[in-house]
Participant: 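Below you will find the structure I want to go over with you.
Both ligands and their constituent atoms are indexed starting at 1 by order of listing.
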Amino acid sequence: MSGADVSTEVMSRYRLLVRGVVQGVGFRPYVYQLANRFGLAGFVRNTSLGAVIEVEGTRDAVEQFARVLPREGPPLMSVTAVDRQERPLLEEHSFVILESESGAETFAMVPADVCVCDACVGETRDPADRRFDYPFTNCTNCGPRYSIILDVPYDRAQTTMAEFEMCEACRREYADPLDRRFHAQPNACPQCGPRLRLVVEGKERIEFASPRGILQEVVRLLLGGAIVAWKGLGGYQLACDARNGKTVAELRRRKHRNEKPFAVMVRDAEAAERLCFVSEDERFALLSPERPIVLLQRREKTELAPEIACGNPSTGIMLPCTPMHEMLFRILSEQAGRDLSLVMTSGNLSEEPIATRDDDAMRMLAGVADAFVPHNRKIHTRVDDSVVRVFEGNSLVLRRARGYAPQPLQIGRGEARVLACGAQQKSTLCLTKDGFALLSQHLGDLENYETVQFFEQTLERMQRLFHVQPNIVAHDLHPAYLSTQLAMNMGAEKRVGVQHHHAHIAACMAEHGLDGEVIGIALDGTGYGTDGTIWGGEFLIADCAGFRRFACLRPVLLAGGDAAVRAPWRIARAYLQDVYGNPAVFDKARWPVLACGELISESSIRTLDAMLQRRVQTVETSSCGRLFDAVAALIGLRQTVSYEGQAAMELESIAAEDVRDPYEFSVDAQTTGIHLQVDLRPMIRQIVDDVRCGVPAGVVSARFHQTLSVVVVEVCRRARSNCGLTRVCLGGGCFQNVRLLCGCVDGLRSAGFEVFYPQCIPVNDGGISLGQAVIACELERRGA
Ligand code: ZN
Ligand code: ZN
Ligand code: FE
């Protein structure tokens with residue numbers, strides 16, 4: 001043997017601490033197989049800090065093992081850090097998987113729910129397989145996780161699967177490190193696992209015993225125009241035939257759901273393409289393991305009933321995410337002779353949390369669904385379907401729930417234990433521990449008792465799951481938000497009030513790991529300002545501890561508070577008053593469009609005008625969301641809305657493709673406090689002139705969008721010459737509008753700015769709790 005050969009035979013032993021999502025994803029069997037591949041001895045074990053691996057072998061082999069480890073591995077594994085330590089040799093000869101170490105200080109990463117994998121789908125389609133047509137098939141690469149976990153460490157005994165005893169065959173798979181189902185906690189088969197039931201008009205239909213029999217009957221009911229409720233992965237869903245306008249309208253009526261578009265489930269990506277335009281990136285999002293609802297542009301002529309979208313040109317599409325959904329679409333195609341699409345919406349009444357328990361669902365949805373498909377695998381934690389929109393190849397998560405929650409985000413900034421209570425709409429909460437932010441799933445609008453209960457329940461469960469006892473509570477400044485009131489009623493050593501738009505910007509900074517000062521642009525609906533007025537068109541110079549209000553949109557009067565939010569015509573009148581002194585110059589006889597069309601009575605217009613003139617029951621607002629409302633009303637597109645953001649969405653959708661010339665505006669220096677104010681009165685004047693001349697609404701909309709992008713670039717240029725900053729962070733609900741987002745991002749980049757926008761966390765108020773948490777941590781770290 002030569003000298004060189006001897007040196008490669010030098011033995012060594014390393015201890016690797018692997019952090020990230022490495023539990024419940026098939027990580028340990030992967031490590032076992034990898035160690036065997038390189039002929040290494042040692043062990044792998046889950047601990048409170050992450051997975052600990054010790055490997056012993058030739059130096060070369062150990063090195064190769066460490067190099068390959070984070071690169072290969074099961075699809076759901078996500079390694080964030082590997083710490084390495086040399087250890088004394090133990091002269092072991094085999095590699096073993098050790099039991100999980102449990103301890104009070106466990107901070108295991110709780111995995112998110114995952115859509116069914118191809119291998120499992122294959123088995124449910126194979127008549128020779130023991131899981132043929134079994135709707136609860138899963139493995140280490142797929143299946144329920146967060147929704148069924150009661151406590152950590154993630155073991156079957158601590159999930160809602162504990163009550164099902166595995167049969168011999170399942171137990172063998174579960175115990176075999178080389179099997180795809182090694183330690184797959186929800187492992188089940190038709191012998192030992194959960195079962196579907198069918199309840200039609202209150203009667204249990206026991207004659208349909210097999211899952212296939214039940215789903216065949218469900219399909220027969222759906223094709224006959226029935227509304228069916230079934231238990232999905234994270235909650236009940238309501239479904240009906242998407243072609244059947246009468247049934248869709250009936251579903252709206254029964255569910256008390258106004259014009260908000262319904263999501264649609266289709267069998268596969270090809271079926272999605274028949275309904276909508278699907279880019280390569282959008283296809284990728286549809287097929288991703290999170291299986292979110294993807295907002296897509298609908299094609300001109302489709303089989304979808306118009307009642308699904310109510311005039312909105314985009315439709316949320318999702319693909320089957322469980323074996324049950326997959327089977328259902330297979331049977332639907334068999335019975336109908338072709339692929340069909342189904343309306344798939346959350347199993348709730350208007351804005352209440354979705355039902356998760358069978359008894360609750362049957363009570364709550366008794367008047368909505370004609371049939372129910374419950375099953376005996378309990379949902380412990382409610383997770384709604386997630387919603388994304390694709391921009392620049394990235395999925396922008398607009399509603400972060402199933403598939404994403406509770407994936408933690410590393411934020412650093414010390415060890416503070418914070419509970420951030422979020423905003424009011426699209427509420428989420430956020431906990432911090434050891435430099436990680438744990439953002440809850442989407443909870444809904446904190447406007448009813450049930451959602452508040454959901455908030456409190458989620459808080460309690462996340463505290464248990466992540467072993468965190470917060471001592472600092474962060475909250476919005478709005479005194480009327482229920483989240484603020486909840487924060488006030490909590491025992492805490494310290495409370496931190498965080499301005500709404502500062503939180504929007506901090507959330508974006510946290511996601512991109514930014515430190516120091518940035519230019520923060522928050523174009524938003526409404527948020528409480530430090531001066532007691534309503535903000536929402538804000539340019540901040542901010543870091544994660546504080547901010548200056550560098551510029552804002554010139555405020556107008558919001559008359560009658562919340563009433564104005566549901567009534568774009570009211571804010572349009574406020575803009576007219578700001579421009580022309582008295583909105584009454586636009587009387588109904590001469591200017592029917594500008595005077596709110598036919599919908600609004602003359603007397604209510606006169607009352608409003610008087611309120612604006614005398615500033616009675618009014619508050620100033622610089623909101624950009626309200627500006628969108630105003631423009632939508634001025635061009636006669638929308639005088640009233642039935643859900644938040646409706647006017648803005650419609651305005652975006654009609655914007656002419658090739659029109660790029662902006663309207664006029666001015667940016668004026670201010671003498672007090674705030675540095676600059678953006679005066680859009682010249683633009684309003686020009687819009688009024690355009691409307692009078694009969695310029696098409698789509699052209700006005702395009703010019704309006706372009707104006708905002710130019711405003712954004714202009715203000716940022718001034719901020720740059722003022723403070724030398726070149727990094728820009730975007731936040732606020734208006735940026736859900738891709739036309740606006742695209743205009744701002746392109747404009748800023750060509751002007752030499754570096755632009756950041758939220759992707760994994762919602763750009764809307766769903767991201768507020770994260771921003772609050774980050775700010776509270778930073779303040780704590782600085783000892784403020
Ligand atoms: Zn699977
Ligand atoms: Zn079994
Ligand atoms: Fe907001």
Side-chain angles (χ1 to χ4, degrees), residues 24-26 74-76 113-125 129-131 134-145 156 161 164-175 179-182 184-195 289 321-323 326 398 422-428 445 476-478 481 483 498-508 520-529 534-538 540 565 621-626 644-645 648 730-736 758 761-772:
V25 295
L76 303 175
D113 302 290
V114 190
C115 77
V116 59
C117 73
D118 291 345
C120 285
V121 168
E123 288 169 339
T124 61
R125 286 183 187 172
D129 195 280
R130 68 191 192 94
R131 289 190 175 82
Y134 184 57
F136 300 95
T137 302
N138 67 83
C139 71
T140 36
N141 299 327
C142 76
R145 301 282 189 276
R156 188 177 178 100
M161 283 300 292
F164 298 92
E165 192 163 341
M166 273 185 276
C167 68
E168 244 336 281
C170 284
R171 197 185 304 278
R172 237 177 292 127
E173 296 164 338
Y174 185 87
D179 194 279
R180 202 173 92 245
R181 297 198 164 89
F182 176 68
Q185 308 304 350
N187 189 24
C189 77
Q191 283 306 305
C192 64
R195 283 159 202 263
C321 57
T322 72
E326 209 280 330
L398 303 182
Q424 173 96 342
Q425 309 284 321
K426 304 180 168 67
S427 151
T428 57
D445 296 348
D476 198 272
L477 297 180
H478 203 309
Y481 279 5
S483 56
V498 177
Q499 201 280 320
H500 188 93
H501 303 104
H502 185 206
H504 270 305
I505 301 309
C508 178
I521 304 173
L523 300 184
D524 201 19
T526 49
Y528 202 79
I534 303 297
W535 295 6
E538 309 306 313
L540 312 178
V565 178
T621 183
S622 53
S623 162
C624 184
R626 297 296 82 79
E644 202 219 339
L730 308 180
C734 294
F735 285 114
Q736 296 175 105
I761 55 140
V763 73
N764 56 46
D765 283 5
I768 287 289
S769 65
L770 172 67
Q772 293 170 344

Participant: In terms of ring plane angle, is the pair Tyr481 and His478 parallel, tilted or perpendicular, where the classes change at 30° and 60°?
Facilitator: parallel
Participant: Provide the closest heavy-atom pair for Gln499 versus Leu477 in the form atom of the first, atom of the second, distance.
Facilitator: CA-CD1, 3.7 Å
Participant: Please determine whether a side-chain nitrogen of the Lys or Arg among Glu173 and Arg131 lies less than 4.0 Å from a carboxylate oxygen of the Asp or Glu.
Facilitator: yes
Participant: Do side-chain atoms of Ser427 reach the backbone of Gln424 as a donor and acceptor pair under 3.5 angstrom?
Facilitator: no
Participant: Counting only heavy atoms not in Arg125 (residues, nucleotides, ligands), do more than 12 fall under 6.0 Å from its CZ?
Facilitator: yes
Participant: Evaluate the ring planes of Trp535 and His501, with Trp represented by its six-membered ring, and classify them as parallel (under 30°), tilted (30 to 60°) or perpendicular (over 60°).
Facilitator: parallel
Participant: Compare every heavy atom of Leu730 with every heavy atom of Ile505, then report the nearest pair and how far apart it is.
Facilitator: CD1-C, 4.4 Å
Participant: Tell me, which protein N/O/S atoms are under 2.8 Å away from the Zn ion (ligand 1)?
Facilitator: Cys117 SG, Cys120 SG, Cys139 SG, Cys142 SG
Participant: Among Pro289, Pro323, Cys321, find the one that has a side-chain contact (heavy atoms from CB on, under 4.5 Å) with Val116.
Facilitator: Pro323
Participant: Using a distance-only test with no angle check, is there a side-chain donor-acceptor pair under 3.5 angstrom linking Thr124 and Thr137?
Facilitator: no
Participant: Output, by chain and residue number, all protein N/O/S atoms separated from the Fe ion (ligand 3) by less than 2.8 Å.
Facilitator: His500 NE2, His504 NE2, Asp524 OD1, Asp524 OD2, Asp765 OD1
Participant: Tell me the closest heavy-atom pair linking Arg145 and Asp113, and the distance in Å.
Facilitator: N-OD1, 2.6 Å
Participant: Give a yes or no on whether the backbone of Cys734 and the side-chain of Asp524 come within a donor-acceptor separation of less than 3.5 Å.
Facilitator: no
Participant: So which protein N/O/S atoms does the Zn ion (ligand 2) have within less than 2.8 Å?
Facilitator: Cys167 SG, Cys170 SG, Cys189 SG, Cys192 SG
Participant: So that I can tick it off, tell me whether Glu165 and Arg156 are bridged by a salt bridge, with the cut-off set at under 4.0 angstrom between side-chain N and carboxylate O.
Facilitator: no
Participant: Ala169: what forms a side-chain contact (heavy atoms from CB on, under 4.5 Å) with it, not counting sequence neighbours?
Facilitator: Arg130, Cys167
